[in-house]
Amino acid sequence: MNKFLCIALLCAAPVWADTPLYSVTDGYKVDENTLKGFRTWRAAACDRCHGANQEGMVGPSLVNSLKTLSKEEFITTVRDGRLDKGMQSFGNNAQVMGNIDHLYAYLKGRSDGAITRAKVEAQQP
């Protein structure tokens with residue numbers, strides 16, 4: 001392979017870079033993957049600590065936290081927990097870790113203000 005072509009391929013932006021993290025209409029109708037994130041949120045009972053609207057209770061407000069927390073930091077926190085602060089580890093939870101990107105998208109949509117209510121529905125085609 002031509003060395004200039006190799007350099008061009010290495011420098012090119014990934015195809016997924018322009019893919020939106022989530023899609024939302026009317027403030028609560030979301031794409032299929034973001035809906036999976038909401039369902040993961042519910043199944044893991046994250047609301048017990050972070051509140052039904054992700055605005056915090058015993059645990060911090062995720063609406064505020066995801067304004068500054070990177071995706072990598074979010075994944076590390078969910079996977080490893082923060083036992084010193086009462087956050088359990090979900091690293092062995094296949095449903096949570098299998099949907100971590102979707103969970104992040106859902107919570108990021110809430111944090112960004114694009115998803116205006118905690119309970120979401122599927123977008124209609």
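- In this structure, Trp41 CH2 and Leu103 CG are separated by 8.0 Å, a value rounded to the nearest 0.5 Å.
- At least one side-chain heavy atom of Tyr22 sits under 4.5 Å from a side-chain heavy atom of Asp112.
- Checking side-chain atoms of Ser89 against main-chain N and O of Arg79 turns up a donor-acceptor pair under 3.5 Å.
- Summarising the geometry, atom NZ belonging to Lys108 is positioned 11.5 Å from atom NZ belonging to Lys71; distances are rounded to the nearest 0.5 Å.
- Around the NZ atom of Lys67, the shell of radius 6.0 Å holds more than 12 heavy atoms that belong to other residues, nucleotides or ligands.
- Annotation: Asn92, atom CG; neighbour count of heavy atoms from other residues, nucleotides and ligands within 6.0 Å does not exceed 12.
- The main-chain N or O of Lys29 is found under 3.5 Å from a side-chain atom of Gln123 such that the two form a donor-acceptor pair.
- Looking at heavy atoms from C-beta onward, His50 lies in side-chain contact with Met87 at the 4.5 angstrom threshold.
- Side-chain atoms of Leu62 and Arg110, non-hydrogen and from C-beta on, never get closer than 4.5 Å to each other.
- How far OH of Tyr106 is from SG of Cys46: 10.0 Å, rounded to the nearest 0.5 Å.
- Here CG of Leu21 is found 11.0 Å from NE2 of His102. Values are rounded to the nearest 0.5 Å.
- Hydrophobic cluster membership is shared by Ile115 and Leu66, with clusters built from Ile, Leu, Val, Met, Phe, Trp and Tyr side chains linked at under 4.5 angstrom.
- Note that the OG1 atom of Thr40 and the CE atom of Met97 stand 11.0 Å from one another [nearest 0.5 Å].
- Residues Tyr104 and Ile75 are members of one and the same hydrophobic cluster, defined by side-chain heavy-atom contacts under 4.5 angstrom among Ile, Leu, Val, Met, Phe, Trp and Tyr.
- In this structure, the side chains of Glu121 and Tyr28 come closer than 4.5 Å at one or more pairs of heavy atoms.
- Between Ala52 and Ala118, the closest heavy-atom pair is O-CB, 3.2 Å.
- Summarising the geometry of Asp47 relative to Met57, their closest heavy-atom pair is O-SD, 4.0 Å, with the distance given to 0.1 Å.
- The shortest side-chain heavy-atom distance between Thr34 and Val24 does not fall under the 4.5 Å cut-off.
- Looking at Asn93, Ile100, Leu107 one by one, the single match for side chain to side chain contact (heavy atoms under 4.5 Å, CB included) with Val78 turns out to be Ile100.
- Residue Arg117 places its CZ atom among more than 12 non-hydrogen atoms of other residues, nucleotides or ligands, all under 6.0 Å distant.
- To the nearest 0.5 Å, the span separating CG on Leu35 from OG on Ser23 amounts to 12.0 Å.
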